[in-house]
> 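Structure in structure tokens, see below.
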Number of protein chains: 2
Amino acid sequence: MNRSPIGIFDSGIGGLTVARAIYDRLPHESTVYFGDTARVPYGPKSPETVRRYSREILDWLLAERVKAVVIACNTSTAHALEALREVSPVPVIGVIEPGARAAVAAAAGGTIGVIGTAGTIASNAYARAIRNRAPDARVEQQACPLFVPLVEEGWFEHPAARLIAAEYMAPLRDAGISALVLGCTHYPLLRPLLQEELGPGVMLIDSGAETAHVVEEVLRREGLAAEADATPEHRFVVSDDAARFRAVGSRFIGERLTEAEIVPLG
Amino acid sequence: MNRSPIGIFDSGIGGLTVARAIYDRLPHESTVYFGDTARVPYGPKSPETVRRYSREILDWLLAERVKAVVIACNTSTAHALEALREVSPVPVIGVIEPGARAAVAAAAGGTIGVIGTAGTIASNAYARAIRNRAPDARVEQQACPLFVPLVEEGWFEHPAARLIAAEYMAPLRDAGISALVLGCTHYPLLRPLLQEELGPGVMLIDSGAETAHVVEEVLRREGLAAEADATPEHRFVVSDDAARFRAVGSRFIGERLTEAEIVPLG
């Protein structure tokens, strides 16, 4: 049993959907969320830069004595997961492997769609993780750069959101996908719109929810889980502009988002 | 007469519209363009962070022996222009003052609309600059966070772009604006769409083109202009991911965008 917090980090706000999934699945675990809002977004940055930033955040979280680290950011998982695992004394869990695992199970041999930011799709990380588990899997990928700003505007149901979703989903529909991985932490907020666009026959996979599942497994296996009667504490730390983080972040996790501290990194 | 280059900087790619306006108006001037692609976008960052980054770029440009510096970024102009002017031995020109001046002239007493990123609008910098020149001016501001990703996707004429433009322009149309300042360097690429949306009665002000005009005035006044027979050289330097800069940047200035060098800052 271990009451230390779980460290969760993202380039900014999106990782809050992963944090929410962790609160839901592990209601007794405390967390420290770090959003690197001074350097968001990671998507357009080079793999080396993303690794350097991720390493700085890992070091900060370790100094806060976290018992495990969740990389709640697809770009950082794609570029930095292996590097962080090599140096971290505590378990490091990314969002890609859990999403890929769930997609392979859900598609049951059918074509798997993957959507994400331009950086995540270009990294090919989901396709690689899927083919590691199912070498013959058919994977259809689609970058959706307009989804993040749509979510941050709160336009989940706007007619423009429908047109944009229709455009991005068209090649996936044409490919006859059976499951779709939401490969960006912002996308769960567009879930109803995407389900409508693709129809009920396509299973949507929320990488964040799958990641919370893996976190639970890892904590149990390593004997790191909190007591069942522990009262959780949730801290929020950002590298810049706590006010905007609060304003947009409350769309992601509602009133659970308490005051955010600022810790500049780098 | 002075053959040193003009330094131009932006948080990323958008400043290329300002660079293009400078090439067009001052065809004998050489330039060095610095795009801080490792830290783009500046919009969501705090004023202190934007000032620190801008100061680092100023120092780099001065080491390259530029004869003048153009801040081709609305956020950086809003937060850092005064600070850079205090320390720079060469003239520093921002994009806000020229846009505000042109808007006051074009509106001729009518209401002036201003559009920009959330950061630029929140800074109130255009409204302040307009009221410095015309204290009684009526100013109607509108943040348009989806325009930058639309431009970077190249969706200038997409039906979703029309819906988004209609939504953002509605309060400006209702306010009966006479002129509209395009207060973000990406927006000139949406000019045809916005003109259509607002009708021919509204004058669109491209801050970049107005800035090129002011650069010409300053170089002439300070005796810094290049010879009329000088052959210009244009360098492009970014802090990260030169490949993406080239791919998206070519939408902004076409084949003039030659190879970009990488210089990490900070």
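In what follows, every chain begins at residue 1, and chains take the letters A, B, ... in the order their sequences are listed.
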> With a 4.5 angstrom heavy-atom cut-off, is it the side chain or the backbone of Tyr53(B) that approaches chain A, or both, or neither?
side chain
> Where does Ile262(B) contact chain A at under 4.5 Å (heavy atoms): side chain, backbone, both or neither?
neither
> Tell me, side chain or backbone of Glu167(B) under 4.5 Å from chain A's heavy atoms, or both, or neither?
side chain
> Taking all atoms of both residues into account, what is the closest heavy-atom pair of Ile13(A) and Gly249(A), and its distance?
CG2-CA, 4.0 Å
> Looking at Arg162(A), His158(A), Arg244(A), which one has more heavy-atom pairs under 4.5 Å with chain B than the rest?
His158(A)
> Set out, in order, the CA-CA distance, both residues' side-chain angles and the distance that settles side chain to side chain contact (heavy atoms under 4.5 Å, CB included) for Leu16(A) and Phe236(A), then state yes or no.
CA-CA 10 Å; Leu16(A) 289 174; Phe236(A) 300 95; 3.9 Å; yes
> Which heavy atom of Gly15(B) sits nearest to which heavy atom of Thr185(B), and what is that distance?
N-OG1, 3.5 Å
> As an exercise, state the distance from CD of Gln141(B) to CD1 of Ile121(B), rounded to the nearest 0.5 Å.
4.5 Å
> Check whether Pro41(B) gets within reach of chain A through its side chain, its backbone, both or neither, counting any heavy atom under 4.5 Å.
both
> Please examine the side chains of Tyr168(A) and Leu146(A), heavy atoms only from C-beta on, and report whether any two atoms are closer than 4.5 Å.
yes
